[in-house]
There are 2 protein chains.
Amino acid sequence: MKKITITDVAARAGVSKSTVSQFLNKRFDYMSKETKERVEVAINELEYQPNIIARSLKQRTTRTIGVIVANILHDFSTRVIRAIEDYCHEEDYHVIVCNADDDPVKEKRYIDMLRAKQVDGIIAFPTSKNTALYQDLITEHYPFVFMDRLVPGIETDTVLLNNHEAAQLAVDQLVANGYRKIAMLAPPLYDPITPRVERIEGYKASLETHDICLNSSYVISARLEEMEEQIEKLLSLSDPPEAILALNDRVMIQLLQYVKDKQIRISDDVAVIGIDDVTFASLYTPALTTIAQPAFEMGKKAAQLLFNQFHNEASQGNRRVYRFSPQIIIRESCKRKENGALQ
Amino acid sequence: MKKITITDVAARAGVSKSTVSQFLNKRFDYMSKETKERVEVAINELEYQPNIIARSLKQRTTRTIGVIVANILHDFSTRVIRAIEDYCHEEDYHVIVCNADDDPVKEKRYIDMLRAKQVDGIIAFPTSKNTALYQDLITEHYPFVFMDRLVPGIETDTVLLNNHEAAQLAVDQLVANGYRKIAMLAPPLYDPITPRVERIEGYKASLETHDICLNSSYVISARLEEMEEQIEKLLSLSDPPEAILALNDRVMIQLLQYVKDKQIRISDDVAVIGIDDVTFASLYTPALTTIAQPAFEMGKKAAQLLFNQFHNEASQGNRRVYRFSPQIIIRESCKRKENGALQ
DNA sequence: CTGAAAGCGCTTACAG
DNA sequence: CTGAAAGCGCTTACAG
């Protein structure tokens with residue numbers, strides 16, 4: 001039951017460990033056909049599998065990367081991970097998945113452990129709170145890329161949505177359908193997470209473009225558990241909004257739950273549009289108009305950037321921010337029934 | 001920029017590597033306060049982080065496990081992974097996530113590579129096709145547990161749903177609401193994946209219990225792309241079903257898409273119930289009655305079983321199958337409007 | 001209480 | 001064309 005090693009193979013084949021190692025690494029340049037075959041036979045007979053850990057120790061590469069997301073249960077994260085894993089699989093790499101739960105302590109622990117395990121690089125949805133640590137990674141030229149969120153002052157490859165454009169697409173669509181009283185539903189902003197901040201900014205800027213005055217009671221920012229209560233208030237306003245923009249999928253779900261409970265009819269009573277294309281958007285009634293993120297492309301890009309960092313140290317100097325364009329998927333939830341004023 | 005090693009720490013502290021190692025492993029029994037402090041200071045000053053790869057080589061444990069799912073995009077898999085990762089995080093383990101896409105070749109490649117990387121164990125949703133390989137794992141006493149699917153002839157810890165009960169709960173609920181013409185929508189059965197086979201068996205057995213004759217044109221088994229076509233046929237039958245049981249979430253989504261496109265009203269025109277609690281079940285109209293799997297508990301159990309295998313070799317003999325009970329969540333999609341005959 | 005030495009299983013110049 | 005030797009960075013008996 002003892003694990004067989006390169007030494008066993010060498011003995012069996014009657015050659016040295018060096019030769020076996022050359023074989024394993026496909027360095028056949030100076031190897032006679034005969035020894036090559038002998039080694040091959042020995043490997044097969046013994047069902048030898050090299051110990052990658054030993055190789056990693058010597059070669060200082062583990063062919064493994066770490067991916068730290070806030071929560072793998074979030075749809076966007078799952079898709080990004082799938083894209084990264086696909087890319088890694090092609091390149092014969094593996095991915096360790098970690099859930100930091102937006103907790104800086106957990107994040108730091110993961111980053112430290114991942115590095116101790118010598119992973120070749122990390123892709124993270126940063127909590128943005130471990131600035132000193134991120135800075136260390138940079139000064140040590142450690143390969144890493146950020147996803148979804150920008151961290152002020154940290155210059156590393158970052159891939160994220162053009163959030164401004166996403167909010168703008170949503171507002172434009174609403175305005176084009178004749179809505180001008182547009183509310184925004186957002187998660188809490190006390191920790192300034194890029195997509196939230198930028199989408200709200202985008203919303204405000206777009207309103208301005210359309211000469212719509214910002215009504216501050218129309219922008220709700222609350223924890224998911226308090227969302228229903230906030231929506232209730234919003235809709236009870238003396239001058240309630242005619243349309244609601246949900247900042248992300250989780251907010252959208254809260255909104256739809258509220259709407260269901262109160263028997264409010266979307267589109268008739270209030271128009272709805274959401275950033276993030278929820279899985280059930282097309283089968284909901286009315287089908288939900290959404291602004292989709294190209295999650296797979298974004299994940300793939302992140303992986304490519306990381307691998308670029310592996311291969312050329314030069315890339316250190318010019319790490320960049322890559323913005324991906326969202327795509328509007330027009331369905332039914334913000335059409336006016338009466339084919340409303342195209343203003 | 002050179003990585004600092006245990007040798008550097010030893011030099012700095014003026015002790016041997018052995019002593020530093022003892023310190024790292026918290027073996028303080030015979031260490032003087034003074035040297036202990038010296039080592040501690042050196043470690044902090046140098047910001048030393050041990051190389052886990054080197055340790056792993058010696059200790060023959062990587063504190064890393066592999067999880068092979070069919071597809072991380074599937075909701076159930078995601079939840080299971082989350083539960084496993086949480087458990088591992090508590091135990092200071094990491095998890096490598098792999099998507100086998102129900103492809104035995106990919107699965108084999110992952111298992112081989114994961115083992116080459118010396119992961120301490122594997123949790124897999126098996127394709128069930130690599131029987132020889134699974135058997136090898138057993139004879140080598142390699143720790144692994146199967147999830148969601150049973151593999152005939154392979155005696156290892158397996159955690160899965162009580163699928164029979166799941167189908168039965170669904171049929172019972174339908175019958176209790178006065179439905180007797182009950183169709184079953186399933187994915188293809190050419191590869192005999194446990195949940196599919198068992199849920200269909202459960203469906204058939206339950207019908208029998210209720211003295212309902214099986215109508216073979218009521219059981220549809222088709223690829224997702226052909227599902228709409230099949231549903232069309234099903235509902236065009238001269239004697240169409242009054243209720244439909246969706247075998248899993250993906251089938252349910254196809255069904256809902258069809259229903260939406262054809263403007264069929266669930267509950268009024270046809271009752272619907274599904275195994276797997278889709279995320280939007282409660283906010284859909286009518287809210288969907290579903291049979292939920294305890295995904296988190298199942299994932300946690302799988303992790304526990306794997307860790308048990310690490311800790312006691314004895315467990316080899318008595319690996320078992322753990323069935324989890326589904327839970328029915330009664331909502332609105334299979335209630336009769338007219339408060340139908342409680343038969 | 002601490003250190004020298006061997007060893008985990010590979011790879012890699014280098015010598016021949 | 002092939003092998004002996006050193007080394008990757010730890011841990012672990014064992015000696016003192």
**Prompt:** Taking only N and O in the side chain of A:Thr5, is any of them less than 4.0 Å away from OP1 or OP2 of C:dG9?
**Reply:** no

Will you find, in the side chains of A:Thr62 and A:Gln118, an N or O donor that is under 3.5 Å from an N or O acceptor? no

To the nearest angstrom, the CD-P distance between A:Gln59 and D:dG7 comes to 18 Å

Any side-chain N or O of A:Asn51 below 4.0 angstrom from OP1/OP2 of C:dC8?
no

Legend entry - Ion pair check, B:Asp102 and B:Arg149, cut-off under 4.0 Å: yes

Taken to the nearest whole Å, CD1/A:Ile6 to C1'/D:dC8 is 14 Å

| Do you see a donor-acceptor pair shorter than 3.5 Å between the side chains of A:Ser21 and A:Ser18? | no

Separation of D:dC10 atom P from B:Ile52 atom CD1, nearest Å, is 9 Å

Does the side chain of A:Ile65 reach to within under 4.5 Å of the side chain of A:Ile96, using non-hydrogen atoms? no

task: For B:Thr7, answer base if it contacts any base atom (sugar-phosphate contacts may also be present), sugar-phosphate if it contacts only those atoms, and nothing otherwise; contact means non-hydrogen atoms under 4.0 Å.
output: nothing

Ranking D:dG3, D:dA13, D:dG7 by distance to the side chain of B:Gln22, first place goes to D:dA13

note: B:Asp8, atom CG; D:dC10, atom C1'; distance rounded to Å ~ 13 Å

Whole-Å distance, B:Ile53 CD1 to C:dT11 P, equals 14 Å

From the list A:Thr158, A:Asp157, A:Thr156, A:Asn308, side-chain hydrogen bond (donor to acceptor under 3.5 Å, both in side chains) partner of A:Arg319 resolves to A:Thr156

Assert: residue with more 5' nearest nucleotide on DNA chain C, out of B:Thr19 and B:Ala54, is B:Thr19

| message | Side chains of A:Asp92 and B:Arg109, heavy atoms from C-beta outward: is any pair under 4.5 Å? | response | yes

Side-chain contact check for B:Ser32: nearest option of C:dC8, C:dT2, C:dT11 is C:dT2

Separation of C:dT12 atom C1' from A:Leu24 atom CG, nearest Å, is 14 Å

Closest of D:dT2, D:dT11, D:dC8 to the A:Leu57 side chain is D:dC8

Would you say A:Arg55 places a side-chain N or O within less than 4.0 Å of OP1 or OP2 belonging to D:dC8? no

Phosphate-side-chain proximity, A:Tyr48 and C:dC10, N/O vs OP1/OP2 below 4.0 Å
yes

Here the distance between atom P of D:dC8 and atom NZ of A:Lys58, to the nearest Å, is 6 Å

Expected list for residues 10-18 of chain A near DNA chain C, using heavy atoms below 4.0 Å, is A:Lys17, A:Ser18

Quiz item: On the ring face of A:Phe296, is A:Arg82 found with NZ or CZ under 6.0 Å from the centre and within 45° of the axis?
Solution: no

With respect to the phosphate group of D:dG9, does any side-chain polar atom (N or O) of A:Arg60 fall under 4.0 Å of OP1 or OP2?
-> yes

query = Looking for any heavy atom pair under 4.0 Å, which part of the strands does A:Ser56 touch: base, sugar-phosphate only, or nothing?
reply = nothing

Stems for DNA chain D (at least 3 consecutive Watson-Crick or G-U pairs, under 3.5 Å) come to C:1-3 with D:14-16, C:5-12 with D:5-12, C:14-16 with D:1-3

Rounded to whole Å, the CD-C1' distance (B:Gln118 to C:dC10) equals 11 Å

Short side-chain donor-acceptor distance under 3.5 Å, A:Lys117 and B:Thr64:
yes

